[in-house]
Amino acid sequence: MAQSVGIKDVARAAGVSVGTVSNVINRPDTVASETRARVLSAIDRLGYVRSESARQLRAGRSRIMGLLVLDMGNPFFVDVARGAERAARDAGLGVMVCNSAQNPGEEAEYLSLFAEQRVRGVLLTPADATGRNIGAFRRHNIPFVLVDRVAEGATECSVSVDDVAGGALAVRHLVDAGHRSIAYVSGPPGLTQVRDRRTGALNALAEAGLGPDCLRELPTERLDVAAGRDAGARLLGLADRPTAVFCANDLLALGVLQAMYAAGVNVPDDLAIVGYDDIEFAAAAAVPLTSVRQPAVTMGALAAELLLEETEAESATKPHEHRRVVLQPELVVRRSSLPGR
């Protein structure tokens with residue numbers, strides 16, 4: 001393996017001091033043109049590349065922002081990353097994107113990596129419901145913003161969507177369409193979003209004078225298409241099958257839709273389906289999917305802006321005020337929940 005070329009190698013090849021090479025790189029106007037040309041020639045000939053990470057550590061100001069999400073296989077988090085990357089780029093920063101895969105152990109490892117790299121700050125959708133990982137990360141004094149989660153205390157900012165309102169939008173729509181027996185394919189019960197969407201669903205039932213027994217919950221271990229197909233298979237096995245399904249995200253809903261299609265169950269005439277997130281694939285499904293839209297790109301951008309505000313406030317006289325930004329969801333109605341006309 002070839003050794004990397006360092007600044008000392010450049011200085012030796014150009015016949016100048018290390019300080020002169022540093023000046024050529026950082027303050028070229030202070031170096032005589034002949035000397036500058038000789039150093040630049042050596043840099044080009046040797047293929048020297050400045051160690052940006054070392055420069056940042058010396059300056060104490062990393063130009064990298066960390067982003068740790070639950071599942072980069074979910075287009076919702078891809079959109080969150082797009083928004084964060086756009087805001088970071090506008091500020092001259094880059095984003096290191098990592099995927100916890102909904103695993104608290106992997107989340108802890110990535111948070112340790114962020115601390116080792118001394119990133120400017122972190123945007124985090126927690127996988128650990130106990131809060132232990134966040135508690136351990138706080139010791140490093142690296143600012144972080146919670147994404148798609150409401151901060152419980154006043155020690156960090158958060159950007160989220162009102163998932164209680166979103167769950168209510170979904171089930172209110174189904175109740176208005178005449179459904180009185182609804183399944184909730186919910187995902188891992190430890191996730192706050194899953195619980196909040198269930199609360200909203202129950203609120204909508206109560207508004208209509210219906211009891212909680214009208215909502216049958218089908219939990220899944222993951223929030224992906226395969227888990228949705230499994231939930232669909234369980235749904236098909238029920239003797240008193242509900243007439244509608246509300247899913248905690250669109251990937252689960254697409255999996256349920258696949259299971260119904262394979263079994264010859266007509267959607268929406270035999271079973272109405274509503275998802276959550278309104279990812280791009282929702283509108284492109286074989287039966288276009290009704291979904292509760294989250295402004296994912298906006299969420300990522302706002303979270304990055306809050307993080308930048310906090311890191312800039314470190315050098316300001318006025319302390320940063322932590323904020324909780326809660327965005328509102330929107331129901332997008334498509335054919336999967338509309339009976340044939």
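Computed from a prediction, not measured in an experiment: that's the story for all the values here.
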Is the closest side-chain heavy-atom distance between Leu111 and Phe144 below 4.5 Å?
->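 No; the side chains remain at least 4.5 Å from each other.
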Do Arg27 and Val31 have side-chain heavy atoms sitting under 4.5 Å apart?
-> no
Interatomic spacing from [atom1] in [X] to [atom2] in [Y] - rounded to 0.5 Å:
| X | Y | atom1 | atom2 | result |
| --- | --- | --- | --- | --- |
| Met96 | Leu123 | CE | CG | 12.5 Å |
| Cys157 | His320 | SG | NE2 | 3.5 Å |
| Arg216 | Ile182 | CZ | CD1 | 12.5 Å |
| Gln294 | Tyr276 | CD | OH | 5.0 Å |
| Leu235 | Ile273 | CG | CD1 | 8.5 Å |
| Thr125 | Gln193 | OG1 | CD | 7.5 Å |

Is atom [atom1] of [X] surrounded by more than 12 heavy atoms (other residues, nucleotides or ligands) closer than 6.0 Å?
| X | atom1 | value |
| --- | --- | --- |
| Glu280 | CD | no |
| Glu221 | CD | no |
| Arg45 | CZ | yes |

Which pair of heavy atoms, one from [X] and one from [Y], lies closest together, and at what distance?
| X | Y | value |
| --- | --- | --- |
| Val274 | Ala170 | CG1-CB, 3.8 Å |
| Pro242 | Ala183 | CB-N, 3.8 Å |
| Ala259 | Gly232 | CB-CA, 3.9 Å |
| Pro28 | Arg36 | O-NH1, 3.0 Å |
| Ala168 | Ala204 | O-CB, 3.6 Å |
| Arg38 | Ala14 | NE-O, 2.8 Å |

Can you name the salt bridge (Lys or Arg N to Asp or Glu O under 4.0 Å) partners of [X], sequence neighbours left out?
| X | result |
| --- | --- |
| Arg89 | Glu85 |
| Asp224 | Arg222 |
| Asp71 | none |

So, the side chain of [X] versus the backbone of [Y]: is there a donor-acceptor pair under 3.5 Å, distance only?
| X | Y | value |
| --- | --- | --- |
| Glu310 | Pro143 | no |
| Arg293 | Val332 | no |
| Arg139 | Ala136 | yes |
| Asp163 | Asp196 | no |
| Asp162 | Gln328 | no |

Do NZ/NE/NH1/NH2 and the carboxylate oxygens of Arg234 and Asp230 come within less than 4.0 Å?
-> yes
Are Arg120 and Glu312 close enough for a salt bridge, meaning some N to O gap below 4.0 Å?
->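 Result for this pair is yes, salt bridge flagged.
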Look at the side-chain heavy atoms of Ile, Leu, Val, Met, Phe, Trp and Tyr, link any pair under 4.5 Å apart, and say whether Val78 and Leu327 land in one connected group.
->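 In one cluster: yes.
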Is it true that Val326 and Val161 fall in one hydrophobic cluster, defined by side-chain heavy atoms closer than 4.5 Å?
->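 No; tracing contacts between hydrophobic side chains, which count when under 4.5 Å, never links both residues.
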Side chain to side chain contact (heavy atoms under 4.5 Å, CB included) assessment of Val297 paired with Arg86 = CA-CA 9 Å; Val297 174; Arg86 184 180 304 164; 3.9 Å; yes
Check against side chain to side chain contact (heavy atoms under 4.5 Å, CB included), Leu308 and Leu93 = CA-CA 10 Å; Leu308 290 167; Leu93 304 182; 3.3 Å; yes
With under 30° as parallel and over 60° as perpendicular, where do the rings of Tyr184 and Phe246 fit, or are they tilted in between?
-> parallel
Worked verdict on Ile134 versus Leu146 for side chain to side chain contact (heavy atoms under 4.5 Å, CB included) | CA-CA 10 Å; Ile134 290 178; Leu146 299 182; 3.9 Å; yes
So, Arg138 and Thr155: side-chain donor and acceptor under 3.5 Å apart, yes or no?
->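 Yes, because at least one side-chain N or O of Arg138 sits under 3.5 Å from a partner of the opposite role on Thr155.
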Under 3.5 Å side-chain donor-acceptor pair for His173 and Thr290 = no
